[in-house]
Amino acid sequence: MVTPGSGAAIGVFVSCGNRFEVTMNEQAQPAGGDPLFNPLSPDFIRNPYPHYDRLRAIDPIHVTPFGQFVASRHADVSLVMRDKRFGKDFVERSKRRYSEKIMDEPVFRSMSHWMLQADPPDHTRLRGLVVKAFTARRVEDMRPRIQEIVDEAIDAVIDRGHMDLIEDFAFRLPVTIICDMLGIPEDHREVFYKSSRDGGRLLDPVPLTPEEIAKGNAGNMMAQMYFQQLFELRRRNPADDLTTQLVQAEEDGNKLTNEELTANIILLFGAGHETTVNLIGNGLLALHRNPDQLALLKARPELMVNAIEEFLRYDSSVQMTGRVTLEDIDDLGGRKIPKGETVLCLLGSANRDPAVYPDRPDRLDVTRPNVKPLSFGGGIHFCLGAQLARIEAEIAIATLLRRLPDLRIDDVENPEWRPTFVLRGLKSLPASW
């Protein structure tokens with residue numbers, strides 16, 4: 001049973017489990033003057049792209065006053081994500097940022113077990129246990145179920161003539177799919193649909209306050225309590241789901257500890273929905289801000305697969321990931337970087353680099369050729385759920401355009417963005433038809 005009131009607490013914690021690899025709890029440049037990189041300023045949250053243009057032009061490997069290196073060009077970002085000289089080093093990095101005692105905090109101890117934050121050989125072992133659930137064949141087989149959920153969401157609101165595209169539409173689909181995959185029973189799910197989406201702040205490049213750490217700890221405890229009960233259920237009643245698979249791996253002995261099992265299920269739950277919600281929401285907003293592209297996509301639905309890649313490039317759900325230098329780096333974009341330093345990779349900036357997209361990178365173009373966004377990360381941490389996210393967004397947006405062709409977003413110019421930087425998404429997106 002899910003305990004009353006645990007939904008928000010689980011949400012606070014799990015929604016920081018991001019489908020892509022993300023750097024945690026780093027420090028950003030303080031406001032004052034006009035800093036090049038101030039990612040929590042309202043202007044930056046509303047539209048980070050002019051800021052990225054300046055960074056790429058003026059200072060492509062920018063050093064913050066706190067000594068982090070910020071990479072904004074496609075070539076540098078791509079290299080850092082794929083090069084074995086860069087890793088996660090989560091525990092040591094967190095100790096440097098906070099103190100030696102930070103791993104006494106449950107939320108940090110749990111994050112230290114995430115495959116997202118692990119380096120080989122732990123990363124290899126953890127990812128190997130989960131990867132089978134995300135094979136191309138398995139994901140393709142989910143198409144009918146995804147279509148069913150999307151149709152149900154539209155059926156529920158079609159007679160009303162209006163909905164919030166985030167809460168009523170984009171949010172329910174990926175939450176339902178990850179509940180299906182993890183084998184979360186139907187009668188437990190309502191609490192997950194009502195979960196808070198505040199957790200994105202945990203990922204931003206600004207240290208957590210003691211209050212935020214306490215909130216993270218409380219959410220982590222609630223999530224652990226729920227998933228421990230789910231593990232017991234699946235030990236007694238195995239099923240064809242990912243939780244059963246991981247519980248059995250735990251019982252095999254050295255493959256997975258109980259702490260690793262709990263931490264990575266929490267990660268998968270959050271990772272399984274948060275960024276897909278944003279991909280659908282950001283994509284729909286971009287289309288409605290570019291009526292020519294919306295009309296083109298309605299007229300030529302076969303362009304949808306390419307359009308999803310363009311949505312990912314144009315306004316990525318995840319704006320940044322991070323690595324730590326595991327050895328001295330002689331030359332990254334013209335700078336020497338000593339061992340043990342943090343490099344923040346601006347995915348949203350790399351995706352609009354004119355060196356790779358010379359034809360008006362700031363324009364949405366659903367017919368753009370050779371779109372290869374970095375939004376799913378790269379190297380050993382490339383997103384496990386990339387193909388699932390693509391298919392969910394493809395079916396969701398195509399069905400919406402087909403079934404509600406006259407849908408209009410109420411305020412396309414001033415939508416309400418969530419006050420977070422790493423996870424870029426809308427708080428709400430009211431629409432009517």
**Q** Can you confirm whether L261 sits close enough to V247 that some side-chain heavy atom of one is under 4.5 Å from a side-chain heavy atom of the other?
**A**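 With C-beta onward as the side chain, the pair touches.
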**Q** So, R46 and D43, do they make that salt bridge, N to O below 4.0 Å?
**A**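 Answer for the salt bridge query: yes.
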**Q** What about Y314 and F311, are their ring centers closer than 6.0 Å?
**A**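 Between Y314 and F311, the centre distance exceeds or equals 6.0 Å.
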**Q** Any side-chain donor-acceptor pair under 3.5 Å between S317 and N282?
**A**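 No, no side-chain donor-acceptor pair sits under 3.5 Å.
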**Q** So, are K255 and E260 salt-bridged, with charged N and O less than 4.0 Å apart?
**A** no
**Q** Would you check if the side chain of R56 reaches a backbone N or O of S349 as a donor-acceptor pair within less than 3.5 Å?
**A** yes
**Q** Checking side chain to side chain contact (heavy atoms under 4.5 Å, CB included) between I146 and each of I395, T399, V139, which is the one that passes?
**A** I395
**Q** May I ask you to test the S316-R352 pair for a side-chain heavy-atom distance under 4.5 Å?
**A**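 A side-chain contact is absent here, since even the closest heavy-atom pair is not under 4.5 Å.
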**Q** Mind listing the closest non-hydrogen atom pair of I280 and A396 along with its distance?
**A** CD1-CB, 3.9 Å
**Q** Taking E310 first and then R363, would you say they form a salt bridge - that is, a charged N and a carboxylate O separated by under 4.0 Å?
**A**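 No salt bridge links E310 with R363.
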**Q** Would a 4.5 Å heavy-atom cut-off, applied to side chains only, mark R143 and E394 as touching?
**A** yes
**Q** When you measure from the side chain of N351 to the backbone of P373, do you find a donor-acceptor pair of N or O atoms at a distance under 3.5 Å?
**A** no
**Q** So does D151 pair up with R403, basic N to acidic O under 4.0 Å?
**A**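 A salt bridge links D151 with R403.
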**Q** When you check the gap from the basic side-chain N to the acidic O, do R313 and D365 get nearer than 4.0 Å?
**A**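 Salt bridge: no.
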**Q** Might you point out which heavy atoms bring L374 and A350 nearest each other, and give the distance in Å?
**A**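 Nearest heavy atoms, L374 then A350: CD1-CB, 3.7 Å.
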**Q** Quick one: does K298's side chain get under 4.5 Å of L287's, heavy atoms only?
**A** no
**Q** Ignoring hydrogens and geometry beyond distance, is a side-chain donor-acceptor pair present between D315 and Y49 at under 3.5 Å?
**A** yes
**Q** Is the side chain of D353 donor-acceptor paired with the backbone N or O of H74 at a distance under 3.5 Å, no angle test?
**A**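 Yes: the side chain of D353 pairs with the backbone of H74.
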**Q** Any chance the rings of F421 and F44 have centres within less than 6.0 Å?
**A** yes
**Q** Is R368 reaching over with its side chain to a backbone N or O of V371, donor-acceptor style, under 3.5 angstrom?
**A**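 Side chain of R368 to backbone of V371, a donor-acceptor pair under 3.5 Å: no, none is there.
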**Q** I'd like to check K88 versus H381 (side-chain heavy atoms, cut-off strictly below 4.5 Å). Are they in contact?
**A**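 Of all side-chain heavy-atom pairs linking H381 with K88, at least one is under 4.5 Å.
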**Q** Tell me if the aromatic rings of H51 and F37 count as close, with their centers under 6.0 Å from one another.
**A**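 That pair fails the under 6.0 Å test.
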**Q** Check the side chains of S78 and R82 for a donor-acceptor pair under 3.5 angstrom, ignoring hydrogens and angles.
**A** yes
**Q** Does a side-chain heavy-atom distance below 4.5 Å link S375 with L347?
**A**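 S375 vs L347: side chains apart.
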**Q** Less than 4.0 Å between a side-chain N and a carboxylate O, is that true for D89 and K95?
**A** no
**Q** Is the shortest side-chain heavy-atom distance between F86 and T325 below 4.5 Å?
**A**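 Contact flag for F86/T325 side chains = yes.
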**Q** According to the interplanar angle, ranging from 0 to 90°, do the rings of F227 and F269 count as parallel (below 30°), tilted (30 to 60°) or perpendicular (above 60°)?
**A**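 Rings of F227 and F269: tilted, as their planes differ by 30° to 60°.
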**Q** Is any side-chain heavy atom of L165 closer than 4.5 Å to one of L426?
**A**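 No. Closest side-chain heavy atoms not under 4.5 Å.
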**Q** Tell me whether D164 contacts the main-chain N or O of I166 through its side chain, where contact means a donor paired with an acceptor under 3.5 Å.
**A** yes
**Q** Just do the salt bridge (Lys or Arg N to Asp or Glu O under 4.0 Å) check on R125 and D122 with the steps written out, would you?
**A** CA-CA 5 Å; R125 175 174 56 86; D122 283 341; 3.2 Å; yes
**Q** For the side chain of S112 and the backbone of V91, is there at least one donor-acceptor N/O pair under 3.5 Å apart?
**A**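 Pair absent, no side-chain N/O of S112 close to backbone of V91.
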**Q** Salt bridge or not for R137 and E140, using N-O below 4.0 Å?
**A** no
**Q** Treating R145 as the side-chain partner and I177 as the backbone partner, does any N or O pair qualify as donor plus acceptor under 3.5 Å?
**A** no
**Q** Just by distance, do the side chain of Q387 and the backbone of A136 share a donor-acceptor pair under 3.5 Å?
**A** no
**Q** Taking only Lys NZ, Arg NE, NH1 and NH2, and the carboxylate oxygens of Asp or Glu, determine whether D141 and R138 approach each other closer than 4.0 Å.
**A** no
**Q** Should the pair R408 and W433 be classed as cation-pi, given the thresholds of under 6.0 Å to the six-membered ring centre and 45° from the axis?
**A**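 Here R408 fails the 6.0 Å and 45° test against W433.
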**Q** Salt bridge or not for R109 and E259, using N-O below 4.0 Å?
**A**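 Yes.
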**Q** List the steps and the verdict of salt bridge (Lys or Arg N to Asp or Glu O under 4.0 Å) for R418 and E274.
**A** CA-CA 12 Å; R418 295 172 63 203; E274 180 64 38; 2.4 Å; yes
**Q** Under 6.0 Å between ring centres: does that hold for F192 and H273?
**A** no
**Q** Test side-chain contact (heavy atoms from CB on, under 4.5 Å) on L388 and M181 and set out the steps.
**A** CA-CA 11 Å; L388 178 58; M181 291 182 77; 3.8 Å; yes
